[in-house]
Asker: 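Encoded as structure tokens, here's the structure I'll be asking about.
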Amino acid sequence: MDALNSTQVSEFFLKGFSEYPVLEPLLFLFCSALYLVTLLGNTGIVAVSVLDVRLHTPMYFFLSNLSILDIGYTSSFAPLMLVHFLSSQKTISFTGCGIQMCLGLSTGSTECLLLAIMAYDRYLAICRPLQYPVLMSRQLCLLLVGVAWSFSLLKSMTETIIAMRLPFCGHHVVSHFSCEILAVLKLACGDTSVSQALLLAGSTLLLPMPLALICLSYTLILVTILRVPSAAGRRKAFSTCSAHLTVVVLFYGAVIYTYMKPKTKEAHVSDEVFTVLYAVVTPMLNPVIYSLRNREVKEAARKVWNKNWTSR
């Protein structure tokens, strides 16, 4: 069966918005602009966090990892998607499809865990400030991020290998703009129960559980903030958490809609439009949200900018 699979399937056709050719040039312009902003914004967050010593803290270490994830996730599909918007040849090789699927699953899974880690970091910083430097040490930061990246990569590689070893017969048209695993599994003519079970286990592990930890962390944070006597102190505490909460709502809302809704065989254009929006817009919004809501990031960016101009 493996030999049959590898000889018969050499490439997939990514359907995307090919049925709506009028939309494609407009989507190209729209997504190109968003992708450019995503690259510039997230690269800027990483650069500022590295160059400004004042931002060498756990919070900005995690934020830099979030920006790297956003760059990796968007770059796993956006360049090819933009090419396909202007081309009639909307194909991707079998190997390329597997790589794209694995990268998308890995970066998305890591972001789920990282957002929970960031919520835990905010809980320690606000609820246990005196113990925070000891509890959230550099070693622990590296360990948490390393485990999140490693576990997500291992999980995603397993899901991808099992999915891509399935027999694909009939047409090889993926009703999506990328090799999203749910869209590819619809083309399999073999037993997909193992893949479906793995996806369900992964969705349970990476959606409800981290989200429950985030909700618990922010419930405890809210209780602590309400006990702060001064209004200025409460506003400062709220401001440090509001950006993260906004990102959590955007990310988890989009992912839960995509992966936890009832599955259908037929793809709807509204689903693809929504997927494009969350896949391209959300990574772009993350640096914007953190920059606008965080005075330290704005001051650090201004300092780095002025330093570069004065050194010329």
Asker: Report the residues that fulfil ring-ring contact (aromatic ring centres under 6.0 Å, His included) with Phe77, sequence neighbours left out, ordered by chain and then residue number.
Answerer: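 Testing Phe77 for ring-ring contact (aromatic ring centres under 6.0 Å, His included), a comparison that skips the adjacent residues, returns Tyr73, Phe177.
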Asker: For the CD atom of Gln139 and the CG atom of Leu144, what is their distance to the nearest 0.5 Å?
Answerer: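 Rounded to the nearest 0.5 Å, the CD-CG separation comes out at 11.5 Å.
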Asker: Under the rule for side-chain hydrogen bond (donor to acceptor under 3.5 Å, both in side chains), what residues qualify as partners of Thr107, not counting sequence neighbours?
Answerer: none
Asker: Show the nearest heavy-atom pair for residues Leu114 and Leu66, with the distance to one decimal.
Answerer: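 In this case the closest contact between Leu114 and Leu66 is CD2-N, 3.4 Å.
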Asker: Output all residues satisfying side-chain hydrogen bond (donor to acceptor under 3.5 Å, both in side chains) with Tyr132, sequence neighbours left out; order by chain, then residue number.
Answerer: Asp121
Asker: Looking at side-chain heavy atoms only, is the closest gap between Thr160 and Ile181 below 4.5 Å?
Answerer: no
Asker: Holding to side chain to side chain contact (heavy atoms under 4.5 Å, CB included), I want the full list of residues that pass it with Met157, two or more places apart in sequence or in another chain.
Answerer: Cys102, Leu153
Asker: Can you tell me if Ser18 uses its side chain to pair, donor with acceptor, with the backbone of Lys15 under 3.5 Å?
Answerer: yes
Asker: Among pairs that include at least one residue of residues 82-103, which meet side-chain hydrogen bond (donor to acceptor under 3.5 Å, both in side chains), considering only residues two or more places apart or in two chains?
Answerer: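 Applying side-chain hydrogen bond (donor to acceptor under 3.5 Å, both in side chains) to every pair that reaches into residues 82-103, excluding sequence neighbours, yields Glu24-Lys90.
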Asker: Give the C-alpha distance, both sets of side-chain angles, the deciding distance and a yes or no for side-chain contact (heavy atoms from CB on, under 4.5 Å) between Glu159 and Leu105.
Answerer: CA-CA 9 Å; Glu159 291 172 343; Leu105 286 170; 3.6 Å; yes
Asker: Considering all heavy atoms of both residues, which atom of Leu39 and which atom of Thr43 are nearest to each other, and what is their separation?
Answerer: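 Scanning both residues, the minimum pair turns out to be O-OG1, 2.6 Å.
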Asker: Could you check whether Ser109 and Lys155, counting side-chain N and O atoms only, form a donor-acceptor pair closer than 3.5 Å?
Answerer: yes
Asker: In Å and rounded to the nearest 0.5 Å, what is the CG to CG distance from Leu29 to Leu86?
Answerer: 8.0 Å
Asker: Just how far is it from atom CG of Leu143 to atom CD1 of Ile117, taken to the nearest 0.5 Å?
Answerer: 9.0 Å
Asker: As an exercise, state the distance from NE2 of His172 to CD of Glu11, rounded to the nearest 0.5 Å.
Answerer: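 Rounded to the nearest 0.5 Å, the NE2-CD separation comes out at 10.0 Å.
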Asker: Check for me, please, whether Leu140 and Leu113 land in the same ILVMFWY cluster - side-chain distances under 4.5 Å, paths through other members count.
Answerer: no
Asker: Can Leu187 be reached from Leu199 by stepping across I, L, V, M, F, W or Y side chains whose heavy atoms are under 4.5 Å apart?
Answerer: yes
Asker: In the single-linkage hydrophobic clustering (I, L, V, M, F, W, Y; side-chain heavy atoms under 4.5 Å), do Leu226 and Tyr123 co-cluster?
Answerer: yes
Asker: List the steps and the verdict of ring-ring contact (aromatic ring centres under 6.0 Å, His included) for Phe168 and Phe12.
Answerer: CA-CA 10 Å; Phe168 297 96; Phe12 290 99; 5.5 Å; yes
Asker: Are any of the side-chain heavy atoms of Val247 and Leu115 separated by less than 4.5 Å?
Answerer: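 The answer is yes, as the side chains (C-beta and beyond) meet within the 4.5 Å cut-off.
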Asker: Could you work out, with side-chain hydrogen bond (donor to acceptor under 3.5 Å, both in side chains) as the rule, every residue matching Ser156, not counting sequence neighbours?
Answerer: none
Asker: Tell me, please, which residues at least two apart from Val37 pass side chain to side chain contact (heavy atoms under 4.5 Å, CB included).
Answerer: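 Once residues adjacent in sequence are excluded, the partners of Val37 under the side chain to side chain contact (heavy atoms under 4.5 Å, CB included) criterion are Met284.
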Asker: Are Met136 and Met59 packed together at the side-chain level, in the sense that at least one heavy-atom pair is separated by less than 4.5 angstrom?
Answerer: no
Asker: Name the residue from Leu222, Ile214, Leu220 that meets the side chain to side chain contact (heavy atoms under 4.5 Å, CB included) definition with Tyr218.
Answerer: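 Per the side chain to side chain contact (heavy atoms under 4.5 Å, CB included) rule, the option paired with Tyr218 is Ile214, out of Leu222, Ile214, Leu220.
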Asker: Which residues pass the side-chain hydrogen bond (donor to acceptor under 3.5 Å, both in side chains) test with Thr110, sequence neighbours left out?
Answerer: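 Result, side-chain hydrogen bond (donor to acceptor under 3.5 Å, both in side chains) vs Thr110: Ser152.
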Asker: Report the C-alpha separation of Phe17 and Leu27 in whole Å, then their side-chain angles, then the decisive distance to 0.1 Å, and conclude whether the side-chain contact (heavy atoms from CB on, under 4.5 Å) test is met.
Answerer: CA-CA 9 Å; Phe17 296 90; Leu27 285 171; 3.7 Å; yes
Asker: Side chains of Val184 and Met101, heavy atoms from C-beta outward: is any pair under 4.5 Å?
Answerer: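 Yes, their side chains come closer than 4.5 Å.
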Asker: Is there a continuous path of hydrophobic side-chain contacts, each under 4.5 Å between heavy atoms, that joins Leu205 to Leu207?
Answerer: no
Asker: Can you find a pair of side-chain heavy atoms, one from Phe61 and one from Ser49, that are under 4.5 Å apart?
Answerer: no
Asker: Kindly give the cluster partners of Ile162, where membership spreads through any ILVMFWY side chain lying under 4.5 Å from a current member.
Answerer: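 Val194, Leu198, listed by chain and number.
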Asker: When hydrophobic residues are tied together by side-chain contacts of less than 4.5 Å, even through go-betweens, does Leu142 share a cluster with Met118?
Answerer: yes
Asker: How close do Asp191 and Leu166 get, counting heavy atoms only, and between which atoms?
Answerer: O-CD2, 3.3 Å
Asker: With sequence neighbours left out, which residue pairs that include part of residues 171-223 fulfil the disulfide (SG to SG under 2.5 Å) condition?
Answerer: Cys97-Cys179, Cys169-Cys189
Asker: Considering non-hydrogen atoms only, spot the tightest contact between Ser64 and Val46 and give its length.
Answerer: O-CG2, 3.7 Å
Asker: Okay, side chain of Ser67, backbone of Leu63: is any donor-acceptor separation there less than 3.5 Å?
Answerer: yes
Asker: Is there side-chain contact between Asp70 and Glu111, with at least one heavy-atom pair below 4.5 Å?
Answerer: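 Result yes, sub-4.5 Å side-chain heavy-atom pair found.
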Asker: Measure the CD1-CG distance between Ile45 and Leu40 for me, rounded to the nearest 0.5 Å.
Answerer: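 Taking CD1 in Ile45 and CG in Leu40, the distance rounds to 12.0 Å.
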Asker: Return the set of residues passing side chain to side chain contact (heavy atoms under 4.5 Å, CB included) with Ser150 (not counting sequence neighbours), or none when no residue passes.
Answerer: none
Asker: Looking at Cys112 and Pro210, what are the two nearest heavy atoms and their distance?
Answerer: O-CB, 3.8 Å
Asker: Could I get the full list of side chain to side chain contact (heavy atoms under 4.5 Å, CB included) partners for Leu82, not counting sequence neighbours?
Answerer: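 Expected list: Phe28, Cys31, Ser32, Tyr35, Phe85.
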Asker: Quick one: closest heavy-atom pair of Met81 and Val280, and the distance?
Answerer: CE-CG2, 4.2 Å
Asker: Can you tell me how far apart CG (Leu124) and CG (Leu135) are? Round to the nearest 0.5 Å.
Answerer: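 CG of Leu135 is found 5.5 Å from CG of Leu124.
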